[in-house]
Amino acid sequence: MQLGVIGLGRMGRIVVDRTLDAGHDVVAFDLDEHAVADAADAGAEPAESVVDLAERLGDDKRIWLMVPAGDAVDAALDDLEPHLDGDDVVVDGGNSYFEDSVRRAESTDAAYLDCGTSGGPAGAAVGFSLMVGGPKWAYDELVPVFDAVATGPDGHDRMGPAGSGHYVKMVHNGVEYALMQTYGEGFELLANGRYDLDLESVARTWNNGAVIRSWLLELCEEAFREEGNDLGTVADRVEGGSTGTWTVQEALEQEVAVPLIYEALGERFDSRTEDPGKFSRRLANRLRYGFGRHDVPRTDDA
Ligand SMILES: NC(=O)C1=CN([C@@H]2O[C@H](COP(=O)(O)OP(=O)(O)OC[C@H]3O[C@@H](n4cnc5c(N)ncnc54)[C@H](O)[C@@H]3O)[C@@H](O)[C@H]2O)C=CC1
Ligand SMILES: O=C(CO)[C@H](O)[C@H](O)COP(=O)(O)O
């Protein structure tokens with residue numbers, strides 16, 4: 001099969017390499033010409049623009065977008081659209097909002113597959129987990145590429161109609177936030193608890209047979225090994241948040257309780273406040289004086 005790949009960053013480049021390794025042909029484009037040159041060195045046919053990529057693919061185009069969610073996806077689709085027809089298939093492998101994917105599926109002439117991708121750059125060697133939404137014939141058509149990019153045949157499946165792939169990935173990310181939060185809380189207790197513990201050793205022991213073993217826990221083990229038991233200079237600030245926000249918004253709309261995901265998202269927002277004093281905690285501090293005449297710790301206390 002011949003696959004066009006647009007977006008050759010951390011994730012797109014892995015799509016290129018794994019597709020080439022499986023014996024397929026790849027035409028590659030990125031706004032960054034160095035990324036295109038690197039992909040060409042790896043065996044891809046370089047394209048000079050989105051339009052050039054479309055023209056190099058000929059009939060029955062198979063195209064994988066791996067660009068940042070939002071405007072970049074629409075920009076690439078706008079350029080592709082005059083070159084697409086109903087026999088073509090476009091895969092969006094990024095973290096797009098599922099309602100955007102439904103809109104794009106309805107407005108493009110091509111068959112559109114929204115593909116949630118999990119595994120991250122660190123998972124490149126084993127392949128990704130792919131959650132695909134869209135027409136069944138288009139999914140079936142792309143199976144050889146999905147087999148190559150995923151861990152194998154069990155690493156991908158069609159979730160349902162347009163939007164369902166990105167919907168499942170959105171919820172996956174909510175779960176990711178909550179798992180990160182609970183590992184963080186457990187290690188925070190261990191770090192401040194009764195025993196002087198080697199947290200890398202704890203994580204390694206848990207990763208070998210414990211109920212709570214997981215890849216995220218392996219990454220905790222790696223973090224303690226590389227940063228030290230106290231995480232060294234790693235700042236108390238967590239970026240990201242868009243996919244978790246969508247998850248919580250959807251849960252509210254569906255009237256489904258997701259308190260752990262909500263709390264984990266809130267912790268991220270909290271970590272980013274510029275004011276080191278959290279207003280709600282300061283008010284709770286003062287209220288304890290109000291009802292109990294308890295001492296009020298103050299910022300100018302010695
Ligand atoms: N990094 C991760 O762990 C994961 C990322 N994703 C999603 O995959 C997508 C890509 O992520 P990354 O590879 O990490 O981002 P990245 O920032 O490493 O790469 C994005 C690439 O897209 C290129 N690009 C941007 N607009 C373009 C356009 N209009 N035409 C052609 N190229 C364009 C950029 O030059 C860049 O090389 C995002 O939607 C991200 O949310 C999904 C799962 C995991
Ligand atoms: O999808 C992913 C992992 O599964 C990406 O790493 C994503 O960026 C994570 O979300 P956030 O940036 O909000 O932490």
Side-chain angles (χ1 to χ4, degrees), residues 4-18 27-40 44 46-54 63-81 90-98 100-101 104 114-132 149-151 155-156 165-181 183-184 214-216 219 237-249 261-262 264-269 271-272:
V5 180
I6 298 174
L8 307 171
R10 287 167 296 190
M11 298 293 285
R13 181 54 200 274
I14 295 165
V15 173
V16 169
D17 290 346
R18 293 187 66 88
V27 182
F29 174 69
D30 193 291
L31 293 176
D32 177 351
E33 61 188 35
H34 299 296
V36 179
D38 286 349
E48 289 177 3
S49 65
V50 169
V51 172
D52 182 40
L53 177 139
I63 299 171
W64 189 304
L65 304 177
M66 210 63 193
V67 298
D71 292 345
V73 178
D74 286 317
L77 283 174
D78 284 349
D79 287 349
L80 284 173
E81 203 51 54
V90 176
V91 179
D92 174 10
N95 270 329
S96 294
Y97 183 49
F98 75 97
D100 287 341
S101 299
R104 288 166 185 145
D114 51 285
C115 172
T117 304
S118 180
V126 291
F128 297 137
S129 164
L130 302 174
M131 299 138 255
V132 188
V149 175
T151 54
H156 61 87
H166 282 148
Y167 190 86
V168 173
K169 179 60 177 22
M170 173 187 78
V171 176
H172 161 288
N173 279 28
V175 173
E176 179 180 292
Y177 283 33
L179 288 174
M180 289 165 65
Q181 180 65 24
Y183 283 127
S214 71
W215 190 46
L216 278 174
L219 298 178
R237 181 182 175 87
V238 191
E239 299 290 354
S242 54
T243 50
T245 301
W246 299 336
T247 311
V248 170
Q249 285 170 337
I261 297 173
Y262 175 77
L265 179 65
E267 283 290 327
R268 281 199 191 198
F269 293 155
S271 80
R272 306 202 292 244

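All figures in this text were calculated on a predicted structure; none of them were measured in a lab. Both ligands and their constituent atoms are indexed starting at 1 by order of listing.
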Discussion item. Taking a cutoff of less than 4.0 Å between a non-hydrogen atom of the residue and any ligand atom, is G241 in contact with ligand 2?
Written reply: yes
Worksheet item: More than 12 heavy atoms of other residues, nucleotides or ligands under 6.0 Å from CG of D71: is that the case?
Response: no
Item to complete: Using a cut-off of 6.0 Å, state whether more than 12 heavy atoms not belonging to E33 lie near its atom CD.
Response: no
Minimum-distance pair of heavy atoms, taken over all atoms of [X] and [Y]:
| X | Y | result |
| --- | --- | --- |
| Y183 | L216 | CE1-CB, 4.0 Å |
| L65 | A76 | CD2-CB, 4.0 Å |
| E239 | R268 | O-NH1, 3.0 Å |
| I6 | V67 | O-CG1, 3.6 Å |
| T151 | G127 | CG2-O, 3.5 Å |
| T245 | F269 | OG1-CZ, 3.6 Å |

I need the atoms of ligand 1 closer than 4.0 Å to a non-hydrogen atom of [X], numbered in the order shown.
| X | result |
| --- | --- |
| G94 | 7 (C), 8 (O), 9 (C), 39 (O) |
| A69 | 39 (O) |
| T117 | 42 (C), 43 (C) |
| A72 | 26 (N), 29 (N) |
| G120 | 3 (O) |
| P121 | 1 (N), 2 (C), 3 (O) |

Worksheet item: Quick one: does D114's side chain have a donor or acceptor within less than 3.5 Å of a partner on G165's backbone?
Response: yes
Discussion item. When you measure from the side chain of T243 to the backbone of N173, do you find a donor-acceptor pair of N or O atoms at a distance under 3.5 Å?
Written reply: no
Nearest protein heavy atom to [atom], by residue and atom, and its distance?
| atom | result |
| --- | --- |
| atom 1 (O) of ligand 2 | K169 NZ, 2.6 Å |
| atom 20 (C) of ligand 1 | P68 CD, 3.8 Å |
| atom 27 (C) of ligand 1 | L31 CD1, 3.5 Å |
| atom 6 (O) of ligand 2 | E176 OE2, 4.8 Å |
| atom 12 (O) of ligand 2 | G240 CA, 3.6 Å |
| atom 14 (O) of ligand 2 | R268 NH1, 2.8 Å |
| atom 9 (C) of ligand 1 | V67 O, 3.6 Å |
| atom 10 (C) of ligand 1 | M66 O, 3.7 Å |
| atom 11 (O) of ligand 1 | M11 CG, 3.9 Å |
| atom 35 (O) of ligand 1 | D30 OD1, 2.6 Å |
| atom 19 (O) of ligand 1 | G9 CA, 3.3 Å |
| atom 42 (C) of ligand 1 | N95 ND2, 3.5 Å |

Worksheet item: Listed by chain and number, what are the ring-ring contact (aromatic ring centres under 6.0 Å, His included) partners of Y97, not counting sequence neighbours?
Response: W246
Atoms of ligand 2 less than 4.0 Å from [X] heavy atoms?
| X | value |
| --- | --- |
| N173 | 1 (O), 2 (C), 4 (O), 9 (C), 10 (O) |
| T243 | 10 (O), 13 (O) |
| H172 | 4 (O) |
| N95 | 1 (O), 2 (C), 5 (C), 7 (C) |
| Y177 | 11 (P), 13 (O) |

Item to complete: Report the residues that fulfil side chain to side chain contact (heavy atoms under 4.5 Å, CB included) with S129, sequence neighbours left out, ordered by chain and then residue number.
Response: S118, M131
Worksheet item: Would one find an N or O of D32, backbone or side chain, under 3.5 Å from an N or O of ligand 1?
Response: no
Worksheet item: Does any donor atom in the side chain of H166 or S101 lie under 3.5 Å from an acceptor atom in the other side chain?
Response: yes
Worksheet item: Heavy-atom contact under 4.0 Å between A76 and ligand 1?
Response: no
Item to complete: Decide whether the shortest distance between a heavy atom of A35 and an atom of ligand 1 is less than 4.0 Å.
Response: no
Practice prompt. Would you please test Y167 and K169 for side-chain contact (heavy atoms from CB on, under 4.5 Å) and show each step?
Written response: CA-CA 5 Å; Y167 190 86; K169 179 60 177 22; over 6 Å; no
Practice prompt. Considering only NZ, NE, NH1 and NH2 on the basic side and carboxylate oxygens on the acidic side, decide whether R104 and D74 come within less than 4.0 Å.
Written response: yes
Worksheet item: Side chain, backbone, both or neither: which part of I6 has a heavy atom under 4.0 Å from ligand 1?
Response: side chain
Discussion item. D100 vs S96, test: side chain to side chain donor-acceptor pair (under 3.5 Å). Steps then yes/no.
Written reply: CA-CA 7 Å; D100 287 341; S96 294; over 6 Å; no
